[in-house]
Amino acid sequence: VARSNASGLAVFDAELRSRTLAETERRDALAQAVDAGRIVTVLQPLVDARTLSVVGVEVLARWHSGDRLVGPAEWLDVAEDTGLIVPLGADVLRQARAASERWRVDVAVNVSARQLDLPDFAERLEEAWGDDRWDMLTIEVTESALLFDAAHVRDTLETLAARGVRISIDDFGTGYNSLARLGQLPLHELKIDKSFVDEVTTVEGAAVVRAIVGLAEAHGLDVVAEGVERPAQLAALVALGVPTVQGYMFGRPRRDISDVVDGRARPRR
Ligand code: C2E
Ligand code: CA
Ligand code: CA
Ligand code: CA
């Protein structure tokens, strides 16, 4: 049955309206979840590549919905678009602090560009984390976050670094080329993205990781490789001098890490 233009438009219009409604519902549902404390955190160990002892944990947010723990792939964009990432991020920081005390372990927390860009981010961080034990905290920021208002980002990072917070560049190598700014920011760590770890057992992939390790060394930065799944990848990373690794091979993100944490703090520069 051939449709007229008019009815075709009507169908399109109805579709658009229901999609918009679905979007609104998604936003409302996330807002309620944040409000009701249904954003929870899971912890994934960071381990010494040679001894395999736990040197810290990354804190990862989950939406506790029904009996599911829903990962950020399904809601992080909504959280960022709506600004809900701000209260959500504060909640994650409070939980990170609690986990750090409970297991006496260093914690790494992801911080969005949207959070780092707030004029009072340093104060908000202190409100959520507390005003002590800064040296147990690493914040992971992506390269793209560093491209926002450059002066503000530098001031904020300097304030945090002066307190003793470690600053890690997440997904390093995947974002904008911020190499020129590496020396101008108070950074402590480069986190090699999983996409490079996936390739590290090839000649070309090893060359990329070697280049990142060299860059880190030149700037006096620690290096972590994320997304390590196989022993061959670990062996390649160790051979290239990567000191710290993270990935399913050593543990998936979990609520309870009492069996893996030994309470040892991470060696620091
Ligand atoms: P990310 O910071 O790069 O975190 C690593 C992601 O890889 C996590 O996914 C982790 O569960 C997953 N992963 C770890 N090891 C392996 C592995 O061996 N193999 C594979 N295939 N995956 C591995 P997750 O938890 O779904 O988080 C996705 C992203 O969402 C994170 O990527 C981070 O950018 C963001 N995110 C997570 N929690 C927060 C948060 O509290 N605040 C903010 N702003 N972003 C968050
Ligand atoms: Ca991260
Ligand atoms: Ca990462
Ligand atoms: Ca990543």
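Atoms within each ligand, like the ligands themselves, are counted from 1 in listed order.
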A.B. asks: Of the backbone atoms (N, CA, C, O) and the side-chain heavy atoms from C-beta on, which set of Val92 has a member under 4.0 Å from an atom of ligand 1: side chain, backbone, both, or neither?
C.D. replies: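 Just the side chain.
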A.B. asks: Does some non-hydrogen atom of Gly227 fall short of 4.0 Å from ligand 1?
C.D. replies: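 Contact check Gly227 vs ligand 1: positive.
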A.B. asks: To 10 degrees, how wide is the angle OD1 (Asn110) to the Ca ion (ligand 2) to OE2 (Glu58)?
C.D. replies: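 With the Ca ion (ligand 2) as the vertex, OD1 (Asn110) and OE2 (Glu58) sit 90° apart.
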A.B. asks: Would you mind checking if Asp106 and Arg133 are paired as a salt bridge, meaning a charged N to carboxylate O distance below 4.0 Å?
C.D. replies: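 Looking at Asp106 together with Arg133, the answer is no, because their closest N to O distance does not fall below 4.0 Å.
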A.B. asks: Quick test of your reading of the model: are Glu23 and Arg26 salt-bridged, counting only N-O distances below 4.0 Å?
C.D. replies: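 Judged by the 4.0 Å cut-off on N to carboxylate O distance, Glu23 and Arg26 do form a salt bridge.
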A.B. asks: Consider only side-chain N and O atoms of Ser112 and Glu80, and report whether a donor and an acceptor are under 3.5 Å apart.
C.D. replies: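 Side chains of Ser112 and Glu80: pair found under 3.5 Å.
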A.B. asks: Could you tell me whether Asp171 approaches ligand 1 through its side chain, its backbone, both or neither, with non-hydrogen atoms closer than 4.0 Å?
C.D. replies: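 Only the side chain of Asp171 comes within reach of ligand 1.
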A.B. asks: Answer with side chain, backbone, both or neither: which part of Leu76 has a heavy atom less than 4.0 angstrom from an atom of ligand 1?
C.D. replies: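 Only the side chain of Leu76 comes within reach of ligand 1.
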A.B. asks: Per the side chain to side chain contact (heavy atoms under 4.5 Å, CB included) rule, which among Leu46, Val228, Val54 passes with Phe250?
C.D. replies: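 It is Val228, the one option of Leu46, Val228, Val54 that forms the side chain to side chain contact (heavy atoms under 4.5 Å, CB included) with Phe250.
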A.B. asks: Is the shortest distance from a Lys or Arg side-chain nitrogen in Glu74 or Arg62 to a carboxylate oxygen in the other one below 4.0 Å?
C.D. replies: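 No.
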A.B. asks: If we set the cut-off at 4.0 Å for heavy atoms, which region of Ile85 has an atom near ligand 1: side chain, backbone, both, or neither?
C.D. replies: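 The answer is the side chain of Ile85.
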A.B. asks: Hey, which atoms in ligand 1 end up nearer than 4.0 Å to a heavy atom of Glu58?
C.D. replies: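 Those of ligand 1 that fall under 4.0 Å from Glu58 are 2 (O), 4 (O).
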A.B. asks: Side chain or backbone of Pro253 under 4.0 Å from ligand 1, or both, or neither, by non-hydrogen atoms?
C.D. replies: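 It is the side chain that touches ligand 1; the backbone stays farther off.
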A.B. asks: Which atom, among the N/O/S set of Asp170, is closest to the Ca ion (ligand 2)?
C.D. replies: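 In Asp170, the N, O or S atom with the shortest distance to the Ca ion (ligand 2) is OD2.
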A.B. asks: Examine Gln246 against ligand 1 and note whether any of their N/O atoms are separated by less than 3.5 Å.
C.D. replies: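 There is no such contact.
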A.B. asks: Any ion pair linking Asp131 and Arg163 (charged N to carboxylate O, less than 4.0 Å)?
C.D. replies: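 So Arg163 does not pair with Asp131 through a salt bridge.
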A.B. asks: Looking at ligand 1, would Gln115 count as a contact under a 4.0 Å heavy-atom criterion?
C.D. replies: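 Contact check Gln115 vs ligand 1: positive.
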A.B. asks: Looking at the Ca ion (ligand 2), which N/O/S atom of Glu140 is the nearest one?
C.D. replies: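 Minimum-distance N/O/S atom of Glu140 relative to the Ca ion (ligand 2) is OE1.
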A.B. asks: Could you give the side-chain donor-acceptor pairs of residues 203-216 under 3.5 Å, partners two or more places apart or in another chain?
C.D. replies:
none

A.B. asks: Any N/O of Ser112 closer than 3.5 Å to an N/O of ligand 1?
C.D. replies: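 Such a contact does occur with ligand 1.
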A.B. asks: In terms of side-chain geometry, is the basic nitrogen of Glu199 or Lys194 positioned less than 4.0 Å from the acidic oxygen of its partner?
C.D. replies: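 Salt bridge between Glu199 and Lys194, a charged N being under 4.0 Å from a carboxylate O: no.
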A.B. asks: Tyr248 ring centre to Arg252 NZ or CZ under 6.0 Å, with the angle to the axis within 45°?
C.D. replies: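 Judged by the rule, Arg252 and Tyr248 form a cation-pi pair.
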A.B. asks: So is Arg62 in contact with ligand 1, going by heavy-atom distances below 4.0 Å?
C.D. replies: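 Under 4.0 Å: yes for Arg62.
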A.B. asks: Kindly report the OD1-the Ca ion (ligand 4)-OE2 angle for Asp193 and Glu226 respectively, rounded to 10°.
C.D. replies: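 It is 70°, given to the nearest 10°.
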A.B. asks: Measure from the Ca ion (ligand 4) to every N/O/S atom of Asp171 and report the name of the nearest one.
C.D. replies: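 Result for Asp171 and the Ca ion (ligand 4): OD1.
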A.B. asks: Using a 4.0 Å heavy-atom cut-off, which part of Gln44 comes near ligand 1: side chain, backbone, both, or neither?
C.D. replies: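 The answer is the side chain of Gln44.
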A.B. asks: Using salt bridge (Lys or Arg N to Asp or Glu O under 4.0 Å), reason through Asp259 and Arg254 one step at a time and then give a plain yes or no.
C.D. replies: CA-CA 11 Å; Asp259 55 332; Arg254 285 186 290 153; 3.5 Å; yes
A.B. asks: What class does the angle between the rings of Trp134 and Trp129 fall in, given that below 30° is parallel, 30 to 60° is tilted and above 60° is perpendicular?
C.D. replies: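 Correct class here is parallel.
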A.B. asks: Between Asp170 and ligand 1, which residue portion shows a heavy-atom distance shorter than 4.0 Å: side chain, backbone, both, or neither?
C.D. replies: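 Near ligand 1, Asp170 shows its side chain, while the N, CA, C and O stay back.
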A.B. asks: Please work out whether any backbone atom (N, CA, C, O) or any side-chain heavy atom from C-beta onward of Arg252 is under 4.0 Å from ligand 1, and answer side chain, backbone, both or neither.
C.D. replies: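 Neither part.
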A.B. asks: For the pair Arg97 and Asp132, find out whether any cationic side-chain nitrogen is under 4.0 Å from an anionic carboxylate oxygen.
C.D. replies: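 Looking at Arg97 and Asp132, the cut-off is met.
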